[in-house]
Amino acid sequence: MDKRKIIEWHPAFEASIQIEFENEIEKMTFEPEHLLSKQPMRIDELVIKIRGEEKIQKNIGRIFRKHNIIEYKSPDDYLTINDFYKVYGYCCFYQSDIEHVCEIKPEELTITFICNHYPVKMLRHLQEFRKLQIECVESGIYYITGDAFTIQLLITKELDKEENRWLCSLRNDITDRMEIENLVRQYEEKKNSKLYQAAMEVITRANWKAMKEVKSSMCEALKELMAEEFQEVRDQVTEEVTEQLICNAYKNIGDLEKVSEILGVPVETVKKAVEKEK
């Protein structure tokens, strides 16, 4: 079986969501597949701000409060009405599954839905049945207002390709050459990071053909860019070898003109090499 057909998106998502917040990583802790109870009921990602009152500057985290529940859908999956209520229920359960009453205050909770496809039916239901409002605050970021909980929706393919490169790249339909080149360049700078490795491995497998073509041509472009520099190095090496050869010949022959004739180089070149050796 072709390994590229079996793609585990969630590990890459866990890495990408942390990459997105890397400049403020010290403000939060990340708990993938957080267990809500002893039963197999898990939140895709729970982000807890270390200091609840501290603001998050990253565009996808501006709504964050103390406890932030994230539901992630892989590129081929869809966010449904049932998904909304499931995650909403998780949020309620998370708030209630504590030792003391209101130990986690409802106003300290947020819900974030992340998916690749705009969930038309789910949003229509929220507007018509729950009377909630949908507001696009910036590309790919929608606030769902009118509920007791603070809720946002992130559409990965619509996110800003500069601001949210790694979440935006969690797709299997990347075709834009510039997008791939920018992704590869940033990865090269961070390739020793396990987070970047995890995200890049899945993105590459999911977009194998496009990534292979771009990475191959980038290598050729790099070779062309470095060709002049490589030539300078080769010329320097050749010059050093030639000088050594002249000096060795002169030591054996002891005649500048004879060495010039045998090696086919000007007498002046032989003279300079010999004087340099002295």
Side-chain angles (χ1 to χ4, degrees), residues 1-22 24-25 28-49 56 58-61 63-64 67-91 93-94 109-119 122 140-142 151-159 161 164-174 179 183 186-187 190-191 193-208 210-211:
M1 182 181 290
D2 188 349
K3 291 184 178 179
R4 284 174 287 168
K5 293 181 180 179
I6 305 172
I7 297 175
E8 294 293 336
W9 288 97
H10 279 72
F13 159 70
E14 292 165 16
S16 294
I17 194 69
Q18 292 184 53
I19 288 171
E20 290 289 339
F21 290 107
E22 65 179 346
E24 300 175 272
I25 201 76
M28 296 168 279
T29 61
F30 294 78
E31 299 178 19
E33 294 191 345
H34 175 80
L35 284 172
L36 284 171
S37 68
K38 294 180 180 179
Q39 300 302 316
M41 187 164 57
R42 294 184 178 90
I43 295 170
D44 282 344
E45 193 81 23
L46 175 66
V47 179
I48 302 175
K49 285 204 294 182
I56 299 298
K58 186 71 176 182
N59 61 346
I60 61 173
I63 73 160
F64 280 6
H67 304 269
N68 307 280
I69 291 169
I70 300 178
E71 172 76 0
Y72 169 72
K73 291 292 183 183
S74 57
D76 293 327
D77 206 352
Y78 290 83
L79 195 59
T80 68
I81 296 170
N82 284 356
D83 289 322
F84 173 83
Y85 285 108
K86 177 192 73 174
V87 179
Y88 197 93
Y90 284 176
C91 189
F93 188 88
Y94 176 79
L109 287 158
T110 74
I111 299 172
T112 295
F113 295 98
I114 302 178
C115 58
N116 194 44
H117 304 282
Y118 189 81
M122 188 195 84
I141 302 177
Y142 299 81
I151 306 171
Q152 73 171 344
L153 167 68
L154 307 179
I155 306 298
T156 52
K157 65 182 178 183
E158 295 179 11
L159 289 171
K161 290 181 174 61
N164 308 109
R165 177 165 289 128
W166 292 87
L167 273 184
C168 184
S169 299
L170 287 184
R171 313 183 336 254
N172 53 13
D173 59 354
I174 302 177
E179 182 179 355
L183 185 71
Q186 188 174 40
Y187 174 71
K190 305 277 190 175
K191 61 184 178 182
S193 164
K194 293 192 180 300
L195 291 176
Y196 281 82
Q197 290 170 10
M200 192 62 170
E201 193 270 338
V202 166
I203 294 168
T204 298
R205 288 171 59 202
N207 301 276
W208 179 254
M211 292 288 288

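Just so you know, these numbers use all the heavy atoms, side chains as well, and skip hydrogens, waters and symmetry mates. In this chain, numbering begins with 1 at the start of the sequence shown.
Rounding to the nearest 0.5 Å places CZ of Phe13 at 5.5 Å from CD of Glu45. Of the inter-residue distances, the one linking Tyr187 atom OH with Thr204 atom OG1 reads 7.5 Å to the nearest 0.5 angstrom. Atoms NZ and OG1, on Lys86 and Thr80 in that order, are 8.0 Å from each other to the nearest 0.5 Å. Atom OG of Ser74 is separated from atom CZ of Arg171 by 14.0 Å, given to the nearest 0.5 angstrom. With values rounded to the nearest 0.5 angstrom, Thr110 atom OG1 is found 10.5 Å from His67 atom NE2. Note that CD1 of Ile69 and CG of Leu46 are 6.5 Å apart. Values are rounded to the nearest 0.5 Å.
Closest approach of Ile155 and Pro119 over heavy atoms only: CD1-CD, 3.8 Å. For His117 against Pro75, the heavy-atom pair with the smallest separation is NE2-O, 2.6 Å.
Between Asp173 and Lys157 there is no salt bridge, since no side-chain N of the basic residue sits under 4.0 Å from a carboxylate O of the acidic one.
Here the side chains of Thr112 and Val47 are not in contact, with every heavy-atom distance at 4.5 Å or above. The side-chain heavy atoms of Trp166 and Glu22, taken from C-beta on, include no pair separated by under 4.5 Å.
Using bins of under 30°, 30° to 60° and over 60° for the plane-to-plane angle, the ring pair Tyr72/His10 lands in the perpendicular bin. Ring geometry, Phe30 versus Phe21: the interplanar angle falls from 30° to 60°, so the pair is classed tilted.
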